[in-house]
2 protein chains.
Amino acid sequence: MNILLVEDDPRLSALIRRGLEEEQLTVRVAYDGLEGQQLALAQPFDLIILDVLLPGRSGLEVLAAIRARDPDVPVLMLTALGTTTDKLQGFGSGADDYLVKPFDFAELVARVRALTRRSNPAPKGSRLTFADLVMDIPSRTVTRAGQALRLTAREFNLLEVLLRHPGRVLSRSEIAEHGWDEAFDAGSNVIDVYVSYLRKKVDHSFATKLIHTVMGAGYVLRQE
Amino acid sequence: MNILLVEDDPRLSALIRRGLEEEQLTVRVAYDGLEGQQLALAQPFDLIILDVLLPGRSGLEVLAAIRARDPDVPVLMLTALGTTTDKLQGFGSGADDYLVKPFDFAELVARVRALTRRSNPAPKGSRLTFADLVMDIPSRTVTRAGQALRLTAREFNLLEVLLRHPGRVLSRSEIAEHGWDEAFDAGSNVIDVYVSYLRKKVDHSFATKLIHTVMGAGYVLRQE
DNA sequence: CTTCCACCAGCAGAATGTTCATGGGCAAGC
DNA sequence: GCTTGCCCATGAACATTCTGCTGGTGGAAG
């Protein structure tokens, strides 16, 4: 995880850098606004921590320049200016969070984590979960409430399709597209049959059912 | 933009609700933890504002339950507990932001905006709303005032047609075109019957009616 | 103000459509 | 040859959709 820290106070920037590196984050430091802006525009970062009061070019100007080019990168403003007006200016320029000095270092880390969490969609494709249902793709195992389920290949594929679109109603043809190979007879009831098999293994021995049918539409993975 | 506010203090929740509604946001309020959790799991929100100290079930427990199901929805914790330990607990449970009471209302709005800004690549056209009626297309769910409605396929189609042309009077043949397939007997009263079904589910148990008849012309979705 | 009539609401039951569960055929792997 | 997984066909159970009808409503004409 790559972080850009723009902070002119060398003592503070060193402190923050060291702390973040202990959290397994990679930190690049810029000591004035211009340098920060150039770095931010030159390479992609996962997060930018930006002081407001900077020599050369204010943090707000830098933020505006960054947002013009990249509206998505998370930016955390970090400054001694704590009035609501200051905060509104920061958010107004496109900041995602605003932390007032002096701050507790643990809180900074927590906010950094919160901002970066979403941008890095956890090792996706390796594990899908819904409620107490857990599917591990590499090992092709599925458990519900910790109890292992023995699924056949088709059943596994079908459940995978459902797990990739939780809460969304999937029509039979959508399911067929993802879980069956090209040739698929629309007049067949294979999908119904496999949903039935799946239910027997996934839902039958549990109180809360997860697989639901929506008449005239298809099937959904839904709680309740 | 749909927001769920979980806050037991009626004065404060009314205040926040009013303020957010002035910002063109739709707000649903829950007054205890259990209600909040049920709502959060029952329908998709763009943002959840969660008090920590709640009767029934603490905000942290509610957050954990939400995160188990939906790791993506932005959650802003809002509480009087302002120590770093409290904040860390909040972030640790999966909060995206943490605001300590008393707070400046403008800052809350700014943080709400910051959190919802990004999350909006919501496939447009995926949700239709009118007054307190919300239709979510992917999950094929419809709620009024947060309460789920069970609609059949036809009823759903019909309501969708109405929701796509709010305030416009739709003739029977226009409705038939969109909600029924080609072959449609003009001499039939099917549409009247389905409007009747819809009314029973959408309007009957609410004071303000949304579906209105325009004699000699058709039907219209209108408030008042 | 009353009458009339096209129009509409709502019901009940028939017709239709959809889904579920099952048994059995077939093919592949052991 | 036996087991296992995959698929099809069938009918029963169920949910939905439609039709036909009765009674009610509202507005224009008298």
Side-chain angles (χ1 to χ4, degrees), chain A residues 140-142 148-162 169-206 209-222, chain B residues 140-142 148-162 169-206 209-222:
Chain A
R140 288 188 83 81
T141 55
V142 179
L149 306 178
R150 281 203 49 195
L151 302 187
T152 71
R154 276 263 189 269
E155 290 162 2
F156 187 89
N157 285 350
L158 172 57
L159 183 57
E160 183 181 346
V161 175
L162 292 171
V169 177
L170 297 165
S171 70
R172 272 155 245 270
S173 53
E174 283 175 308
I175 291 174
E177 246 171 69
H178 294 99
W180 269 258
D181 32 10
E182 58 298 335
F184 172 76
D185 177 12
S188 149
N189 72 337
V190 221
I191 292 178
D192 301 50
V193 173
Y194 275 86
V195 169
S196 167
Y197 292 161
L198 249 196
R199 277 211 252 246
K200 205 173 295 184
K201 296 181 179 177
V202 172
D203 274 343
H204 267 24
S205 47
F206 296 87
K209 311 300 181 192
L210 300 179
I211 302 170
H212 301 264
T213 100
V214 180
M215 271 240 174
Y219 298 94
V220 213
L221 206 62
R222 183 152 45 198
Chain B
R140 289 186 82 85
T141 54
V142 179
L149 306 179
R150 280 202 55 203
L151 302 188
T152 71
R154 272 259 192 275
E155 290 162 1
F156 188 90
N157 284 351
L158 171 57
L159 183 57
E160 183 180 348
V161 174
L162 292 172
V169 178
L170 296 165
S171 71
R172 271 155 245 270
S173 53
E174 282 175 309
I175 291 175
E177 242 171 75
H178 293 100
W180 272 258
D181 31 11
E182 59 297 335
F184 173 77
D185 177 12
S188 151
N189 71 336
V190 223
I191 293 179
D192 300 50
V193 172
Y194 274 86
V195 169
S196 164
Y197 290 162
L198 251 195
R199 277 211 251 245
K200 199 176 298 183
K201 295 180 180 178
V202 172
D203 275 343
H204 267 25
S205 46
F206 296 89
K209 310 301 181 191
L210 300 178
I211 302 171
H212 301 268
T213 305
V214 180
M215 274 253 175
Y219 297 95
V220 66
L221 206 61
R222 182 155 44 198

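Everything quoted here is computed from the prediction, not taken from an experiment. Numbered from 1 within each chain, the chains take letters A, B, ... in sequence-line order.
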Starting at atom [atom1] of [X], determine the distance to atom [atom2] of [N], rounded to an integer number of angstrom.
X       : N       : atom1 : atom2 : answer
I175(B) : dT17(D) : CD1   : C1'   : 17 Å
K201(B) : dA15(D) : NZ    : P     : 12 Å
L198(A) : dC7(D)  : CG    : C1'   : 16 Å
Y194(B) : dT19(D) : OH    : P     : 10 Å
L158(B) : dT17(D) : CG    : P     : 11 Å
I191(A) : dC20(C) : CD1   : P     : 12 Å
L170(A) : dT19(C) : CG    : C1'   : 17 Å

Would you tabulate the pairs of protein nitrogen or oxygen atoms and nucleotide nitrogen or oxygen atoms of nucleotides 21-30 of chain C closer than 3.5 angstrom?
from	atom 1	to	atom 2	distance (Å)
dA21(C)	N6	N189(A)	ND2	3.2

Between [X] and [N], is there a side-chain N or O to OP1/OP2 distance below 4.0 Å?
X       : N       : value
W180(A) : dC6(D)  : no
R172(B) : dC8(C)  : yes
T152(A) : dC6(D)  : yes
R154(B) : dC18(D) : yes
T213(B) : dC8(C)  : no

Does [X] use its side chain to pair, donor to acceptor, with the backbone of [Y] at less than 3.5 Å?
X       : Y       : value
D203(B) : K209(B) : no
K201(A) : L151(A) : no
H212(B) : V220(B) : no
R222(A) : I211(A) : no

Under the ring pair (Phe, Tyr, Trp, His ring centres under 6.0 Å) rule, collect the residues that match up with Y197(B), sequence neighbours excluded.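 For Y197(B), the residues satisfying ring pair (Phe, Tyr, Trp, His ring centres under 6.0 Å) (neighbours in sequence not counted) are Y194(B).
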
What I'd like to find out is whether the side chain of R199(B) reaches to under 4.5 Å of the side chain of T213(B), using heavy atoms alone.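 With C-beta onward as the side chain, the pair touches.
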
Just so I know, are the side chains of L149(B) and T141(B) near enough to count as touching, which here means a heavy-atom distance under 4.5 Å?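 In short, these two side chains do not touch, never coming nearer than 4.5 Å.
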
What pair of heavy atoms forms the shortest contact from [X] to [Y], and how long is it?
X       : Y       : result
R150(A) : E155(A) : O-OE1, 4.1 Å
A217(A) : V169(A) : CB-CG1, 3.9 Å
H204(B) : K200(B) : CB-O, 3.2 Å

For the helix from dC1(C)-dG30(D) to dC30(C)-dG1(D), figure out the bend between the end axes, five pairs an end, and round to 10 degrees.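 Rounded to the nearest 10 degrees, the bend comes out at 30°.
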
Under the rule for salt bridge (Lys or Arg N to Asp or Glu O under 4.0 Å), what residues qualify as partners of E177(B), not counting sequence neighbours?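 E177(B) satisfies salt bridge (Lys or Arg N to Asp or Glu O under 4.0 Å) with no other residue.
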
R172(B): partners by side-chain hydrogen bond (donor to acceptor under 3.5 Å, both in side chains), with sequence neighbours left out: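 Residues passing side-chain hydrogen bond (donor to acceptor under 3.5 Å, both in side chains) with R172(B): D192(B), Y219(B).
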
Tabulate protein N/O versus nucleotide N/O from nucleotides 27-29 of chain D, keeping only pairs under 3.5 Å, one per line.
none

Need one value for Y219(A): base, sugar-phosphate or nothing, where a base atom within 4.0 Å counts as base even if backbone is also close, heavy atoms only.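 Sugar-phosphate, no base atom in range.
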
R150(A) side chain, from C-beta outward: closest of dG5(D), dC8(C), dC6(D):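 The nucleotide sitting nearest to the side chain is dG5(D).
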
